[in-house]
Amino acid sequence: MQWLQDDVALVTGAGSGIGRAVLKRFLDEGARGVGALVRSDEHVASLQQEFGERVVVVQGDVRSGSDNQRAVDATLARFGKLDTLVANAGVWDFFASLQKLSLEELDRAFDEIFAVNVKGYVLAARAAMQALRESRGSMIFTLSNAAFYPGGGGPLYVASKHAGVGLVRQLAYELAPLVRVNAVAPGGTQTPLRGPASLGKHDKRLSALPGFEQAVADAMPLGFMAQPQDHTGHYVLLASRTNSPATTATIIHSDGGWEIRGTARAGSAP
């Protein structure tokens with residue numbers, strides 16, 4: 001059974017990682033088509049090559065209101081409606097601690113990280129709001145285990161993801177009863193999540209960190225580092241009108257049991 005038969009979605013940050021995995025899963029679940037907002041020429045070309053007419057790809061910046069609106073308009077023009085917005089684009093601070101950053105670096109990095117991780121979500125929501133009201137659709141935001149716990153990044157990243165929790169709750173409150181608003185909070189995942197250009201880390205990728213996969217696996221009660229596709233079922237569930245019609249203001253944790261880390265794993269006792 002396909003849970004999203006004939007639905008239409010828009011995914012920001014859909015060029016790689018969790019965003020691309022969600023886009024593919026939605027199509028596999030029967031979606032009529034998916035819009036994608038991406039930054040690079042390379043991602044535009046690769047999405048079009050892999051998915052053809054089932055996607056409409058807009059190159060732009062999530063920090064731009066007009067680029068978010070172009071993505072919504074292109075999706076509506078191609079597929080005729082919009083059922084789900086997946087606001088997913090993000091930037092990570094690579095554990096940049098307060099004491100290691102100068103005031104100037106903090107100033108620049110704050111503006112960039114919050115612009116992508118918070119402002120980008122607000123702009124996407126505003127651009128898609130009317131189309132989702134018309135379809136009685138939903139918004140799904142990608143958050144993080146860092147939206148609830150320390151240690152998933154430095155203070156800028158962690159604060160930006162905590163802000164996302166408030167955004168989900170406020171938008172769920174404002175947009176009810178016509179639009180449901182929910183989120184998925186992944187833990188450490190093998191993705192090419194980039195660092196902030198303001199800290200000289202734009203070309204640095206999370207998935208390239210030496211030893212990071214093993215460190216995450218060792219910290220997780222489930223004992224492995226997730227792949228992007230491991231989270232996609234939660235997005236499908238939240239997008240499905242059949243399976244989640246009464247669900248809003250909910251954040252699904254998909255973090256390998258981060259809250260109970262440090263406890264003994266089942267079967268590990270002698």
Side-chain angles (χ1 to χ4, degrees), residues 1-14 18-19 21-37 62 65 68-69 71-73 75-76 79-90 117-145 147-148 160-186 228-255:
M1 178 180 178
Q2 294 179 313
W3 284 9
L4 302 180
Q5 190 66 43
D6 202 41
D7 276 9
V8 175
L10 169 62
V11 182
T12 70
I18 293 173
V22 169
L23 181 151
K24 183 179 187 303
R25 181 66 183 272
F26 275 32
L27 292 172
D28 290 344
E29 292 289 342
R32 180 192 304 179
V34 180
L37 179 59
V62 295
N68 279 281
Q69 190 63 60
V72 171
D73 293 345
T75 303
L76 293 172
F79 302 116
K81 63 172 182 169
L82 180 63
D83 297 289
T84 303
L85 166 70
V86 178
N88 167 80
N117 293 355
V118 184
K119 179 183 175 182
Y121 283 10
V122 174
L123 293 175
R126 182 61 183 86
M129 180 179 66
Q130 186 55 40
L132 294 174
R133 280 175 166 166
E134 292 172 4
S135 69
R136 297 187 72 93
S138 69
M139 298 178 183
I140 306 171
F141 296 91
T142 298
L143 297 183
S144 167
N145 59 329
F148 299 92
S160 74
K161 288 302 179 179
H162 273 65
V165 175
L167 180 62
V168 168
R169 291 171 176 166
Q170 180 64 25
L171 292 183
Y173 170 75
E174 288 190 14
L175 299 179
L178 298 181
V179 179
R180 296 180 298 111
V181 183
N182 298 291
V184 178
Q229 61 269 23
D230 294 332
H231 308 295
T232 58
H234 298 309
Y235 292 84
V236 173
L237 174 66
L238 292 173
S240 171
R241 294 182 176 87
T242 301
N243 294 282
S244 296
T247 302
T248 196
T250 292
I251 301 170
I252 297 178
H253 294 248
S254 187
D255 58 14

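Bear in mind that the values here come from a model prediction, so they are computed numbers and not experimental data.
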Review item, side-chain donor-acceptor pairs of residues 162-176, under 3.5 Å, at least two apart:
residue : atom : partner : partner atom : Å
His162  : ND1  : Ala146  : O            : 3.0
His162  : ND1  : Ala147  : O            : 3.3
His162  : ND1  : Val158  : O            : 3.0
His162  : NE2  : Ala147  : O            : 3.4
Gln170  : NE2  : Glu174  : OE2          : 2.9

- Task: Search all heavy atoms of Trp3 against all heavy atoms of Glu29 and return the closest pair with its distance.
- Result: N-OE1, 3.1 Å
- Query: Counting distance only, does the side-chain N/O of Arg126 pair as donor-acceptor with the main-chain N or O of Gly65 below 3.5 Å?
  - Reply: no
- Residues Ile252 and His234: closest non-hydrogen pair is CG2-ND1, 3.5 Å
- Message: Can you give me the closest heavy-atom contact between Ala21 and Gln229, atom names plus distance?
- Response: CB-N, 4.0 Å
- Residue list, side-chain contact (heavy atoms from CB on, under 4.5 Å) with Arg32, at least two apart or on another chain: Asp6, Val8, Phe79, Lys81
- Query: Can you name the residues that form a side chain to side chain donor-acceptor pair (under 3.5 Å) with Gln5, not counting sequence neighbours?
  - Reply: none
- Message: Can you give me the closest heavy-atom contact between His231 and Ser254, atom names plus distance?
- Response: ND1-OG, 2.7 Å
- Salt-bridge contact Asp83-Arg136 (side-chain N to carboxylate O under 4.0 Å): no
- Query: Between Thr142 and Tyr235, is any side-chain donor less than 3.5 angstrom from a side-chain acceptor?
  - Reply: yes
- Note on the structure: Nearest heavy-atom contact between Gly19 and Val11 is O-CG1, 3.7 Å
- Task: Give the minimum heavy-atom separation between Thr12 and Ala124, together with the two atoms involved.
- Result: CG2-CB, 4.4 Å
- Message: Test of understanding: with side chain to side chain donor-acceptor pair (under 3.5 Å), list the residues that count as partners of Asn117, not counting sequence neighbours.
- Response: Ser160
- Donor + acceptor pair across side chains of Arg25, Thr232 (<3.5 Å): yes
- Not counting sequence neighbours, which residues clear side chain to side chain donor-acceptor pair (under 3.5 Å) with Lys24? List them please. Asp28
- Message: Checking Ala128 now: which residues fulfil side-chain contact (heavy atoms from CB on, under 4.5 Å) with it, not counting sequence neighbours?
- Response: Val72, Leu82, Leu85, Leu132
